[in-house]
Number of protein chains: 4
Amino acid sequence: MNKGALAKEEIVSVAADVIRSKGYQSTSINDILVSSGIGKGKFFHHFKTKHDLGIAVVDRYIDTWKTRMIEEILQGDFPAKTRILHMLEETLGSFQNSNVKKGCPFGNLAIEMSEHDASFRERIASFFHEWAMALSETLKDANLIPEDRAYDYAEHIISSIEGAILIAKVKQTSKPIENTVSILKNTLLHQRSISHE
Amino acid sequence: MNKGALAKEEIVSVAADVIRSKGYQSTSINDILVSSGIGKGKFFHHFKTKHDLGIAVVDRYIDTWKTRMIEEILQGDFPAKTRILHMLEETLGSFQNSNVKKGCPFGNLAIEMSEHDASFRERIASFFHEWAMALSETLKDANLIPEDRAYDYAEHIISSIEGAILIAKVKQTSKPIENTVSILKNTLLHQRSISHE
Amino acid sequence: MNKGALAKEEIVSVAADVIRSKGYQSTSINDILVSSGIGKGKFFHHFKTKHDLGIAVVDRYIDTWKTRMIEEILQGDFPAKTRILHMLEETLGSFQNSNVKKGCPFGNLAIEMSEHDASFRERIASFFHEWAMALSETLKDANLIPEDRAYDYAEHIISSIEGAILIAKVKQTSKPIENTVSILKNTLLHQRSISHE
Amino acid sequence: MNKGALAKEEIVSVAADVIRSKGYQSTSINDILVSSGIGKGKFFHHFKTKHDLGIAVVDRYIDTWKTRMIEEILQGDFPAKTRILHMLEETLGSFQNSNVKKGCPFGNLAIEMSEHDASFRERIASFFHEWAMALSETLKDANLIPEDRAYDYAEHIISSIEGAILIAKVKQTSKPIENTVSILKNTLLHQRSISHE
DNA sequence: TATGAATGAGCATTCATTCAT
DNA sequence: CATGAATGAATGCTCATTCAT
């Protein structure tokens, strides 16, 4: 029945993994065919171009992380401070073991594709923006940051995390992520309000 | 006389630019041939493989930034706090205008190449380590961070910067860098000592 | 009832248009699917192969032109000279505007397919033969050409027209057709008998 | 020394043959590689694209025929009437045997490519124009056609020839060409002046 | 009948690299 | 040292056709 649809989802899922490891441009369609055990015809039946697949993969990343990070955690039912802690812990948990080497799906594509292709760039920029908005709201809820600084501070937290994942990737250890998460926790939670200092 | 040597440097210089914009893997040898106006023979006379060129480019990036960031600024003659400010301002200055879109040469290659090629990864990891070491020393000199936290804090500052450059690249505005530099400045310099909080 | 049959005719009709513009080999089955809004299954239900469709298109061209040119005009009720004039005027009228660029359905396929495929070639050759036969009879009726030269002369008139359409196509103007029709008219009708000169 | 140049010419020469037989679009680059015994790299070293090769082939056809038909025959040293006879005989001679089936290189591409590609079309249109111009001058020299009708009549002669080659191709016999040449000869040479009748 | 998913051979093109000169 | 011709594997993609439903 919806076998076709399922098949397409499976290709995206396999491709998401491969692309996260190898990058979009270095991933050949053949890589995906081999990884998923399908033929060329099937692939191009579902995706008009490789670019189409790339976009489907990005959209899938965004769906997943928006649900997990933004909706379930940042906009969840816990007290604001707790939600922020959960976000940091979730980050930490997501980049252990083999995932350290793979890096952040968004950060990877942000760097690889921003100059090549606007449709990748815009999607990723918009995801980071939505994340920063949600975090900004939570920071305000927690009374940790004055309203007019909240977005900037949220963006800084997110970029710190991305940077930590980048350094972790090149060092092949999750230490930089733990480090940054710990510093962010301290800075955020052991002070009444950051800008008062 | 050293025309050959000079020519080689010029190729590396041109390639450094192209690779920073397009990435290493998406840069074809032909791209470099066209940009530098040389022929295939000359190229392969100087570089046994494309990989050789890539490494030469990374080494050149490292040379440049080590001199500028580490030796001239972090290990310069100004008071420690001033040196840190200079480092942040230098960062800000380096990623204005068209450079925002190009991103950080190290960050770009760190993400693109870490999983593909150990010789790129190790060089970049080692550069980030040296930078963190130098910054760590300066933080200690400035009495801003307790000795045992200095390296971690230095690495966090550096990864924050890398993350900000990444977000700036995908958003195509230097705002995230200004933002992070401003927050780092505040956090570092308007407090007696970070860890006391 | 005959919905299936009707549908088949419609496909042939759409395909005839597309093939006249793009040529047989450059027309993909997908082109026809898109132009006619049908699915692959339906197409291959009606035509076992693309070749089948091609033949159906040629047969349709032949049907149409045989009716129009041969039966209605050349074998019609007007005096022989008038019938020839009508044929020339019909030709002129058929290759105005966008049809100039599309060229002659038979001439196009004659050139494209003669060396590739005997079944196309034979059909087209046979159409040209029937046309020449009918014109030959008319020339004899009109007492314009001696019996033994009539077929050759008819074939020459037809090939002149085909050549004019060819030149018109490449020049993207109907001028060469007007030109040839006018010369043929003069040569044929302003002389008592061509071979007497 | 000029081995490279020679090699390129040889590819064009082989390709000209293959394309004349199979058409441009149906000729795959692999066909040309097989026919000429070269590798892909060599081919794409000389021609940036298949289209480049196609244009080179057309230009070669034009060079050859311009020299043979226009410069050597129509603009040669014989009396005007003789030159026209030579042109017709040259045509006849060129389309005997296997060449009947291949058809006219210009006519073939005119029909195949006019709607696909302007650079083919324009080159061919311009060749036919130059041919008509040269023939027009010769007709005037021979006092066969009044000045103001000369170009139109020249174009008609040429299109008659093209049409005859087309019909010959689809019938697989050179008879239609002989036929048209004979009729053209009669019409042109056994009358004092065509328009006087 | 009809759908559209799947097949896989084939296509034009790119690319890092080698090699004769 | 340098040239640029040549190599051939690999890439993204198209296409006529088949097949399960």
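Quick caveat, the model's predicted, so the values are computed rather than measured. Both backbone and side-chain heavy atoms feed into the values below; hydrogens, waters and symmetry mates do not. Chain identifiers are assigned alphabetically (A, B, ...) following the order of the sequence lines, protein sequences preceding nucleic acid strands; residue numbering begins at 1 within each chain.
A close approach under 4.0 Å does not occur between any side-chain nitrogen or oxygen of B/H46 and OP1 or OP2 of F/dC1.
A cation-pi arrangement is absent between A/K50 and A/F43, since the terminal nitrogen or guanidinium carbon is not both under 6.0 Å from the aromatic centre and inside a 45° cone about the axis. The side-chain tip of A/K8 points at the ring of A/F47 from less than 6.0 angstrom away and within 45° of straight on.
What separates NZ of D/K48 from P of F/dA5 is a distance of 15 Å, to the nearest Å. Computed from coordinates, the B/I32 CD1 to E/dT17 P distance equals 11 Å when rounded to whole Å. When rounded to the nearest whole Å, the span between CG of A/L33 and P of E/dT7 equals 10 Å. Rounded to whole Å, atom P of F/dT7 lies 10 Å from atom CD1 of D/I11. Atom NE2 of C/H45 and atom P of F/dT17 are 17 Å apart (whole Å). Atom CG in C/L53 sits roughly 15 Å away from atom C1' in F/dC15 (whole-Å rounding). Computed from coordinates, the D/Q25 CD to F/dT14 C1' distance equals 14 Å when rounded to whole Å. Between the NE2 atom of A/H116 and the C1' atom of F/dG12 there is a distance of 15 Å, given to the nearest Å.
Taking every side-chain heavy atom of C/T49 into account, F/dT17 is the closest of E/dC11, F/dT17, F/dT11. Nearest nucleotide to the C/K50 side chain, out of E/dA2, F/dT17, E/dT17: F/dT17. Closest approach to the A/S28 side chain among E/dA5, E/dA2, F/dT11 is made by F/dT11 (side chain taken as heavy atoms from C-beta onward).
Heavy-atom nearest nucleotides on DNA chain F were determined for A/F44 and for D/G37, and the one closer to the 5' end corresponds to D/G37. For the pair B/Y24 and D/H51, both in contact range of DNA chain E, the more 5′-proximal nearest nucleotide belongs to D/H51. Toward the 5′ end of DNA chain E lies the nearest nucleotide of C/F43, the other residue of the pair A/I38 and C/F43 mapping further downstream. Across the interface with DNA chain F, nearest-nucleotide mapping of B/G39 and C/I29 shows B/G39 to be the residue nearer the 5′ end.
Within 3.5 Å, a donor on the side chain of C/K40 pairs with an acceptor on the base of F/dT17, or the reverse.
Judged by distance alone, the side chains of B/D117 and B/S119 do bring a donor and an acceptor atom under 3.5 Å apart.
Using a 30° and 60° split on the angle between ring planes, C/F120 and C/Y24 fall in the tilted class, from 30° to 60°. D/F106 and D/Y61 have perpendicular rings, their planes meeting at more than 60° on a 0 to 90° scale where under 30° would count as parallel.
Within 4.0 Å (heavy atoms only), A/S26 reaches no atom of the nucleic acid at all.
Base pairing analysis places E/dT17 opposite F/dA6; the two distances defining the Watson-Crick or G-U wobble pair are each below 3.5 Å.
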